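So you know, we letter chains A, B, ... as the sequences are listed, proteins then strands, and number each from 1. Note that the coordinates shown come from a computational prediction; the quantities given were computed from them, not determined experimentally. What you see below is based on every heavy atom in this structure, not just the backbone, and it leaves out hydrogens, waters and symmetry mates.
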Amino acid sequence: MFRTHYCGEVTDRLVGQDVVLSGWVNTRRDHGGVFFCDLRDITGLVQIVFRPEEVESEDLQKLIHSIRTEYVLRVEGQVCNRLEGAVNPNMNTGDIEVVISNIEILNASKPPVFDIENSRDVAEDVRLKYRYLDLRNPKMQDIFRKRSFFIQAVSDFLKKERFMYVETPILTKSTPEGARDYLVPSRVDNGAFFALPQSPQLFKQLLMVSGFDRYYQIAKCFRDEDLRADRQPEFTQLDIEMSFINEEDIYDVLDRMIKHTFKDFGVNVNTPIPRISYDESMRRFGSDAPDLRFEMELNDLSDIFIDTEFKVFQSAEVVIGLKVNGGSSFSRKDLDLLIAKAKDLGAKGLLWGKYTDNGLESPLSKFEKPDNIDKMIAKLEMEKGDLVLIVSDDKELAQTVLGAIRKHLAKKLGLIDDQDYNFVWVNDFPLLEYNEEECRYFAKHHPFTAPNVSLEELNKMSKDEILSVKSRAYDIVLNGVELGGGSIRIHNIAMQKKVFELLGITESEGREKFGFLLDALEYGTPPHGGIALGIDRLIMLATKTESIRDVIAFPKTQRAACPLTRAPSHVDNTQLMELGLKLKEKLNFENE
RNA sequence: GGGGAUGUGGUGUAGUUGGUUAACACGCAGCCCUGUCAAGGCUGAGAUCGCGAGUUCGAGUCUCGUCGUCCCCGCCA
């Protein structure tokens, strides 16, 4: 028997009892005679004491002094109250200790590459190379415990709501829209490739066609795009789909699910979760994932400057201002940094104005009528000491740039209460967006999202009118981070064909890429819709971690590699030949 | 593809305007030590400063290139 109790659960109620514990040596304090050791397992630490006078065997004494950090031990002993003055209030089990009668080294350990307790301060590539050591850190284990509890709470909730868990293929078909696919070559059909799913989107729709009614899955998804602090090529979604529902049913189930599951994080979520339209969110917050934990809204100043003689304003679609309370204390350098940031985000520039006792100190004063400046100050309700930041540009760009600056400043100025969990639904997205580079329309969500107009209406519309059509898509946003999104799907073949047409997907292309879906739509597809939540991001927010890598047990580095396994790796030619593959010769510029 | 940051014993850091034996803490090894919990004391080992080239009498320090890691833009929901 390896244990009767877990280390962190040895309490003063067990005083006098004999226990068996197993775990790792967290720290050891060897006094030559008496020997202390904090033994660690998944539940925490407990101090074990070895007193030489209580053990006769000299071999055992030798063994004890050979114990090193991270050795794996099995100990037998008696739970005792600690001696007077020896209680450790910083330890959960600090009022007791286990006095050892026997000890067994189950396994030795090389000295750990880094200090387990402080592993989070170690360079990340080292942590990832020795991830199994990094994950011994209790803070890391706590993250994964929360992650696990969340998944279990979700499953419990969805079970009660009559959802069925179904697994969908990992080896599937490459589809044109969306992110770059990860490809897997077929051995049986050389030259053909599977793709790893970017999401189980089409399969869950097919399950609705099958009459499964309500489906969910903890689904691994793969997207071969560049990584970020909150983006991994392989990530996990909570994928949900429901039949015979509309948006309200989605909002209802998700509101209750989020409330239920966030209880585990000690967070009370007020429901119903408020909703905001895409247009309003862009207008007020400059983002389709607004952070509502603080105010500081964007303000459209276009009408004030309608008669401007300032060329920059004349040529722009909109003039948008962002008032920063107390911002006139910003230094020239602060402002330069903001200007650089704005330009980095694609703005042509960023104007500023400090409202002080001398009026508005601003580069704008040279060019703009005093009257207009006064109107702006009035509209923004500026007070002495405030700052205004102005971007004039195309509408979406100006909004996005100021939206990013808004978030940046809120962080910098400490406007955000980090105990706050602010959920919001964003809906009424445009159905389509125009891509300038490829000169065609793309689905804002994906090509299977239902428009919120009927097919008859859609057929009657001009190109311009169609651009203003909204979709039945929705995103759930937490603290300015898009947690997930979904939509009511198209369940009618004619509508699906129409949307493909709008997207420039030809009849034959649609048939080739999505033929199975088009077929299915003709066999009695129920109205349906769903949503997918990014589990990794959700756990990041719930555990207040800065990096998605902290909530994934074995994550990839920015170059999409795994320092632990050294994947991806080269394979030998036999393997390639079986797959009908040959590597392109590497170009060699040795003799320059 | 672009911009930025960074790389010094096992780990975390220091290293002044280029100057000779690269410092400190933790860890590690040996010895001592019976109440510690960052145990303590003594002794010791361990880095040619990511790699390559260059400038220089002399490079951890300057220049260029390269590789890794991280952040951001593009890309991606």
Q: Using the C1' atom as the point on both nucleotides, what is the distance between B:G58 and B:A22, in whole Å?
A: 16 Å
Q: Taking B:G12 as the reference, what is the distance to B:G50 when you measure between their P atoms (whole Å, please)?
A: 13 Å
Q: Expressed in whole Å, how much space separates the P atoms belonging to B:G44 and B:C62?
A: 34 Å
Q: Taking only Lys NZ, Arg NE, NH1 and NH2, and the carboxylate oxygens of Asp or Glu, determine whether A:R127 and A:D550 approach each other closer than 4.0 Å.
A: yes
Q: Could you give the distance separating B:A14 and B:A23 at their P atoms, to the nearest angstrom?
A: 16 Å
Q: Taking the C1' atom in each of B:C51 and B:A59, what is the distance between them to the nearest angstrom?
A: 16 Å
Q: Can you work out whether A:G85 or A:F235 has the more 5'-proximal nearest nucleotide on RNA chain B?
A: A:G85
Q: Does the plane of the ring in A:Y278 sit parallel, tilted or perpendicular to the ring in A:F429? Use 30° and 60° as the thresholds.
A: tilted
Q: Apply the side chain to side chain contact (heavy atoms under 4.5 Å, CB included) test between A:V19 and each candidate in A:V75, A:V79, A:V46; give the one that qualifies.
A: A:V79
Q: Quick check: does any side chain N or O of A:D38 sit under 3.5 Å from a backbone N or O of A:T27, one acting as donor and the other as acceptor?
A: no
Q: For nucleotides B:G15 and B:C28, find the distance between their C1' atoms and express it as a whole number of Å.
A: 24 Å
Q: Any chance you could measure A:D115, atom CG, to A:L133, atom CG, to the nearest 0.5 Å?
A: 11.0 Å
Q: Within the 4.0 Å limit for protein heavy atoms, which parts of nucleotides 67-73 of chain B are touched? Write it as a string from 5' to 3', B for base, S for sugar-phosphate only, - for none.
A: -SSBBSB
Q: Taking only Lys NZ, Arg NE, NH1 and NH2, and the carboxylate oxygens of Asp or Glu, determine whether A:K129 and A:D125 approach each other closer than 4.0 Å.
A: no
Q: In whole angstrom, what separates A:L533's CG from B:A77's P?
A: 16 Å
Q: Expressed as a whole number of angstroms, how long is the span from A:I548:CD1 to B:C76:C1'?
A: 12 Å
Q: Taking the side chain of A:D288 as its heavy atoms from C-beta onward, which of B:U36, B:A77, B:U34 lies nearest to it?
A: B:A77
Q: How close or far is atom C1' of B:C75 from atom CZ of A:F442, stated in whole angstroms?
A: 12 Å
Q: On the 0 to 90° scale, with breaks at 30° and 60°, tag the A:Y130-A:Y132 ring pair as parallel, tilted or perpendicular.
A: perpendicular
Q: Can a side-chain donor-acceptor contact be found between A:D288 and A:S281 if the only test is distance below 3.5 angstrom?
A: no
Q: Can you list, in residue-number order, the parts of residues 57-77 of chain A that come under 4.0 Å of RNA chain B, counting heavy atoms only?
A: A:R68, A:T69
Q: The side chain of A:R51 lies closest to which of these nucleotides: B:G12, B:G35, B:A77?
A: B:G35
Q: I need the CD-C1' distance between A:E225 and B:C76, as an integer number of Å.
A: 5 Å
Q: Rounded to whole Å, please give me the gap between CG in A:L397 and P in B:G74.
A: 10 Å
Q: What is the separation between atom CD1 on A:I48 and atom P on B:G35, rounded to the nearest whole Å?
A: 18 Å
Q: Mark yes when over 12 heavy atoms from residues, nucleotides or ligands other than A:K544 sit less than 6.0 Å from its NZ; otherwise mark no.
A: yes
Q: Would you verify whether the NZ or CZ of A:K412 falls within 45 degrees of the ring axis of A:F330 while also being under 6.0 Å from that six-membered ring's centre?
A: yes
Q: ring-ring contact (aromatic ring centres under 6.0 Å, His included): which pairs involve residues 49-90 of chain A, sequence neighbours left out?
A: none
Q: What distance, rounded to whole Å, do you find between the two C1' atoms, one in B:G1 and one in B:C75?
A: 10 Å
Q: With respect to the side chain of A:E97, which nucleotide from B:A77, B:U34, B:U36 is positioned closest?
A: B:U36
Q: Counting only Watson-Crick pairs (N1-N3 plus N6-O4 or O6-N4) and G-U wobbles (N1-O2, O6-N3), all under 3.5 Å, who is the partner of B:C24?
A: B:G12
Q: With both distances under 3.5 Å as the test, what is the Watson-Crick or G-U wobble partner of B:C57?
A: B:G19
Q: For atom C1', what is the distance between B:A39 and B:U48, given to the nearest Å?
A: 37 Å
Q: Would you please determine if the base of B:U11 is stacked by A:F114, with stacking meaning a centroid separation under 5.5 angstrom and planes under 30 degrees?
A: no
Q: For residues A:S199 and A:Q237, is any side-chain donor paired with an opposing acceptor at under 3.5 Å?
A: no
Q: When every nucleotide of nucleotides 39-51 of chain B is labelled 5' to 3' by its protein contacts under 4.0 Å (heavy atoms), B for base, S for sugar-phosphate only, - for none, what sequence of letters results?
A: B------------
Q: Would you classify A:N88 as touching base, sugar-phosphate or nothing, given that sugar-phosphate means primed atoms plus P, OP1 and OP2, and contacts are heavy atoms under 4.0 Å?
A: base
Q: I need the A:S57 OG to A:I103 CD1 distance, nearest 0.5 Å.
A: 12.0 Å
Q: What integer distance in Å separates A:K129:NZ from B:G10:P?
A: 11 Å
Q: For B:G68, what is the paired nucleotide under Watson-Crick or G-U wobble rules, both distances under 3.5 Å?
A: B:U6
Q: Heavy atoms under 4.0 Å, any strand shown: does A:G178 hit a base, just sugar-phosphate, or nothing?
A: sugar-phosphate
Q: Near RNA chain B, which residues from residues 471-479 of chain A have a heavy atom under 4.0 Å away?
A: none
Q: Looking at the side chain of A:V122, which of B:C76, B:C37, B:G12 is the nearest nucleotide?
A: B:G12
Q: Among all residues two or more places apart in sequence or in another chain, which pass the side-chain contact (heavy atoms from CB on, under 4.5 Å) test with A:D142?
A: A:R145, A:K146
Q: Please check this pair: side chain of A:K407 against backbone of A:G480, looking for a donor-acceptor N/O pair closer than 3.5 Å.
A: yes
Q: Can you measure from CD1 (A:I476) to CZ (A:R275) and round to the nearest 0.5 angstrom?
A: 10.0 Å
Q: Separation of A:F36 atom CZ from B:C33 atom P, in whole Å?
A: 17 Å
Q: Across the strands shown, which category fits A:A123 at heavy-atom distances under 4.0 angstrom: base, sugar-phosphate, nothing?
A: sugar-phosphate
Q: Would you find a donor on one side and an acceptor on the other, under 3.5 Å apart, between the side chain of A:R82 and the backbone of A:V87?
A: no
Q: Considering Watson-Crick and G-U wobble pairs with both distances under 3.5 Å, what does B:U36 pair with?
A: none
Q: Is there a donor N/O on one and an acceptor N/O on the other, under 3.5 Å, for the side chain of A:R231 and the base of B:C76?
A: yes
Q: Using a heavy-atom cut-off of under 4.0 Å over every strand shown, decide if A:K444 touches base, sugar-phosphate, or nothing.
A: base
